[in-house]
Amino acid sequence: MVLLAENYYPVADYEYVRDDTVGAMIGQEALRKALELALLQRVGVFHVHMHFPSARLWFSPTDLREQAKFVPDFFKVCPQMPHGAVVLNNKAIAGRVWTAPTQVKNIEEFNIVGTRSTVRRAASDGSTDFFA
């Protein structure tokens, strides 16, 4: 499966909710907008966010728990497209893709195309090491 990112829709500052247990938490309005986007444009939606540098880049336990709650909802409005989540920092990218509400896989490779093209491969557990 090849996934192509076509657009990026940032979450507005006012669409975050206060939650002292995490660095940032998006609210219901932001999720509603993403569901509407999937429904009206018939596209897959991926939640993308950043983590600060660490020895290994992967989703936090909170990320994994919340993904299990909200990603399957996108299949209710756009069942024909894959949906998922991506986490990144300035050195690495990791992600998960759902092809059905209960079928999730780690994304094995990211190709970044631009002035300088790069390829990032994930470890067997889906995480990515830093490369200097």
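Considering only heavy atoms from C-beta on, F74 stays 4.5 Å or farther from M81 through its side chain. Counting only heavy atoms from C-beta outward, the side chains of F59 and R65 never approach each other to under 4.5 Å. For the pair R96/I107, no side-chain contact is recorded, criterion being any heavy-atom separation below 4.5 Å from C-beta on. Residues S60 and D63 are in side-chain contact: their nearest non-hydrogen atoms beyond the backbone lie under 4.5 Å apart. Residues F46 and L3 meet the side-chain proximity criterion, which asks for heavy atoms closer than 4.5 Å. Side-chain contact between I93 and I112 is present, with heavy atoms from C-beta onward closer than 4.5 Å.
Remark: Y9 engages no residue in a ring pair (Phe, Tyr, Trp, His ring centres under 6.0 Å) (not counting sequence neighbours). For V22, the side-chain contact (heavy atoms from CB on, under 4.5 Å) partners two or more places apart in sequence, or in a different chain, are D19, M25, T62. With sequence neighbours left out, the side-chain contact (heavy atoms from CB on, under 4.5 Å) criterion links R18 to D20. By the salt bridge (charged side-chain N to carboxylate O under 4.0 Å, His left out) test, K105 is found to be paired with no residue, residues two or more places apart in sequence or in another chain being considered.
Sorted by first and then second residue, the salt bridge (Lys or Arg N to Asp or Glu O under 4.0 Å) pairs with a member in residues 34-44 read R32-E36; sequence neighbours excluded. Each salt bridge (Lys or Arg N to Asp or Glu O under 4.0 Å) pair with one or both residues in residues 5-15, not counting sequence neighbours, appears once here: E15-K33.
Looking at H51, its side chain does come within 3.5 Å of a backbone N or O of W58 through a donor-acceptor pair. Looking only at distances, no side-chain donor or acceptor of H83 sits under 3.5 Å from a matching main-chain atom of D73.
Considering all non-hydrogen atoms of both residues, A38 and C78 come closest at O-CB, 3.7 Å. Closest non-hydrogen pair, I26 versus A30, comes out as CB-CB, 4.2 Å. Minimum heavy-atom separation, V17 to G27: CG1-CA, 3.7 Å.
In this pair, F70 and H47 present their aromatic rings perpendicular. The plane angle is above 60°, beyond the 30 to 60° band.
When the side chains of ILVMFWY residues are joined at heavy-atom separations under 4.5 Å, either directly or via intervening members, V71 and V45 end up in a single hydrophobic cluster. With hydrophobic clusters built from ILVMFWY side chains whose heavy atoms lie under 4.5 angstrom apart, V86 shares a cluster with M50. If you chain together hydrophobic residues whose side chains sit under 4.5 Å apart, L31 and F75 fall into the same group. Neither V48 nor W98 shares a network with the other; the hydrophobic side chains, linked directly or stepwise wherever heavy atoms of I, L, V, M, F, W or Y lie under 4.5 Å apart, form separate groups for each.
Taken to the nearest 0.5 Å, the CG atom of L57 stands 12.5 Å off from the CZ atom of F52.
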